There are 2 protein chains.
Amino acid sequence: MSGDCDHHCGGHHEGLPSCGAQKGTRGGVPEFAERLRKKSRRVTGARKSILDILSRQSHPITIRGIHDQLPKGDCDLATIYRSMHLLEGMGMVKRYEFGDGQARFELLREGDDGHHHHLVCTGCAVVVELHECGMGELEARMVLSHGFTRVTHKLEFFGLCPRCQGG
Amino acid sequence: MSGDCDHHCGGHHEGLPSCGAQKGTRGGVPEFAERLRKKSRRVTGARKSILDILSRQSHPITIRGIHDQLPKGDCDLATIYRSMHLLEGMGMVKRYEFGDGQARFELLREGDDGHHHHLVCTGCAVVVELHECGMGELEARMVLSHGFTRVTHKLEFFGLCPRCQGG
DNA sequence: CACAAGATGCAAATGATTTGCAATTAGCAT
DNA sequence: ATGCTAATTGCAAATCATTTGCATCTTGTG
Ligand SMILES: [Mn+2]
Ligand SMILES: [Mn+2]
Ligand SMILES: [Zn+2]
Ligand SMILES: [Zn+2]
C-alpha cells in the first residue's frame, strides 16, 4: 500500500453484506476442524487459532496481521505460512494480492469459491468488499478468442476513498 | 509463474497488434531520451540500453530478464531497479504483476497510458496481450457506489493455453 | 498408553528489491 | 575544450516477505 496513515482504517466498513465476522459459533472453527480431519490433516492449536482469527476478519488479512493478533509466542510465523499454504490448497482460504508485496487471505465457507474483488484506497488502505464480479462475459471471450481453458482472473480496484480526497 | 517449462514460450505471439518490437527507429530510444532530458534526467548508457531492450519486447519483461539481455556487466541490477522506478514515475514504463513475485514492465509510447491486460498460461507462462479492457462501466459503478475517485484497476487473466491442455 | 504420520519452533536460506556510499559521468557554464 | 555540480552508477550490505532443514513435539488411532 502507499500506506502509512492508519487513521480510520481500523474497523471501517463500507457495504459489507457478507462480512466474515459472524456471531462466533456457526461457520466457525469447528466447521473447519471438520474439514481438516476429513482430509487427515490435524486440528492443532495453531490452526485453530489461525482459523479463529481468520473467521473474525471482514477483509483479507496478511500473514503478519494474523501473527500480530495471535497471543505472543502462540504460533511461529513459519507455521502461519505453512498453514496458509495448506488451507489454500484445501480451498479453505483464498489468497489476494493488493500489489504491496504481501499476500492477504480470506477464509472460505464450505462450497464458497470466494470469488470477488476489492476496492482499496491508495491513501489509507481502507478496503471495500465488492460483491459483483461481472467478468463472466469477458472471461468467456478470452476462452473463445484464444483457446485457453480453465480461465480465471485476478482483479482489484484502487482509488481514493472519500476521506482521503483532500484536494 | 508455475513455470519451469520454457518450450515454445520464447517468441510465441498470439494476436499482438501493437507489438512493441518495431522496425527499430521510430518510437525508439531517441524519443525517450528526449523525454528524459525534458525532465532534466540524464540520458546515460545504462538507460539507453534498458530502453532499447524494453522497446523490442512484445510482452512485459522482468528486471532480471532485462539484465540477462544486457551485454554482461553492462549494467548493474540495482541500476535497472532504480531506472525502472524512475521510468515508471515518469510514465515511460508500466508495471505489471503476474503474481509470481517479480514485477514486469512494458515501455509506454508518448501519450499512451498503456492500460491493457494479459492472459497468462499457468502451464508454460506464454503471454497473450489483450487489447480490450471493457471495465469502464464497472469502474464507474465503483466510483458512484463508494464515493472513491481516481479509480483504477489491476486485472490479469490466467488459464491453460492450447498447447498446455494435455488432458 | 504406545506409535507413526504430521506439525511446529528456530534458525538459516532464498529471492526480489532497496539502500548507503564512494567513485563516475552527463549536461551546462565558462 | 575544461571545469563544476548534480545526477548516476557499481558494489556490497541491508530489507522484507516467504521458504526450508531439522530436531523436537503432538495429534489421531489402535
Ligand atoms: Mn474480500
Ligand atoms: Mn502488455
Ligand atoms: Zn471476478
Ligand atoms: Zn482494464
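Just so we're on the same page: letters track the sequence lines, and every chain starts at 1. This structure is a prediction, so every number in the text was calculated from the model and none was measured.
- Taking atom CZ of residue B/Arg82 and atom C1' of nucleotide C/dA16, one finds them 15 Å apart after rounding to whole Å.
- Checking the phosphate oxygens (OP1, OP2) of C/dT17, a side-chain nitrogen or oxygen of B/Tyr81 falls inside 4.0 Å.
- Salt-bridge check for A/Arg141 with B/Glu132: passed, with a basic side-chain N closer than 4.0 Å to an acidic carboxylate O.
- Both B/Asp74 and A/His85 sit near DNA chain D, but only B/Asp74 has its closest nucleotide nearer the 5' end.
- Nearest-nucleotide positions on DNA chain C for B/Arg95 and B/Gly45 put B/Arg95 closer to the 5' end.
- Here the side chain of B/His116 pairs a donor or acceptor atom with the backbone of B/Gly114 at under 3.5 angstrom.
- Between the CZ atom of B/Phe98 and the P atom of C/dA16 there is a distance of 16 Å, given to the nearest Å.
- Shown here for B/Val43 and B/Ala33, the closest heavy-atom pair between the two residues is CG2-O, 3.6 Å.
- A donor-acceptor contact shorter than 3.5 Å is absent between the side chain of B/Glu31 and the backbone of B/Arg109.
- When rounded to the nearest whole Å, the span between CG of A/Leu36 and P of C/dT8 equals 10 Å.
- Of all the heavy atoms in B/Ala46 and B/Cys75, the pair that sits closest is CB-SG, 3.9 Å.
- With hydrophobic clusters built from ILVMFWY side chains whose heavy atoms lie under 4.5 angstrom apart, A/Leu160 does not share a cluster with B/Val151.
- At a threshold of 4.5 Å between side-chain heavy atoms, the hydrophobic network of Ile, Leu, Val, Met, Phe, Trp and Tyr places B/Leu108 and B/Phe32 in two separate groups.
- Each of B/Tyr96, B/Phe157, B/Phe158 was checked for a side chain to side chain contact (heavy atoms under 4.5 Å, CB included) with B/His118, and the lone residue meeting it is B/Tyr96.
- One end of the helix from C/dT18-D/dA13 to C/dT30-D/dA1 points its axis 30° away from the other end's axis, with each axis taken from 5 pairs and the angle rounded to 10°.
- When B/Lys154, B/His153, B/His117, B/Glu156 are each tested for a side chain to side chain contact (heavy atoms under 4.5 Å, CB included) with A/Leu155, only one passes: B/His153.
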Protein and nucleotides 27-30 of chain C: nitrogen or oxygen contacts under 3.5 angstrom:
{"residue": "C/dG27", "atom": "OP1", "partner": "B/Val43", "partner atom": "N", "Å": "3.3"}

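- Toward the 5′ end of DNA chain D lies the nearest nucleotide of B/Arg47, the other residue of the pair A/Ala103 and B/Arg47 mapping further downstream.
- Taking atom CD of B/Glu97 as the reference point, atom P of C/dA16 lies 14 Å away to the nearest angstrom.
- Looking at heavy-atom distances under 4.0 Å, A/Ala78 makes contact with a base.
- The span of DNA chain D lying next to chain A, judged by atoms under 4.0 Å from heavy atoms, is bounded 5' to 3' by D/dA17 to D/dG28.
- Put simply, CD1 on A/Ile50 is 11 Å from C1' on C/dA7, counting in whole angstrom units.
- Comment: B/Asp52 engages B/Arg56 in a salt bridge, judged by a side-chain N to carboxylate O separation of less than 4.0 angstrom.
- When the side-chain nitrogen and oxygen atoms of B/Arg64 are compared with OP1 and OP2 of C/dA16, one or more of them lie within a distance under 4.0 Å.
- One interatomic measurement links the two molecules: CD of B/Gln102 to C1' of C/dT18, which rounds to 16 Å at whole-angstrom precision.
- Listed here is the closest heavy atom pair of B/Leu54 and B/Met84: CD1-CE, 3.9 Å.
- The minimum heavy-atom distance between A/Asp113 and A/Lys94, with the atom names listed, is O-CD, 3.6 Å.
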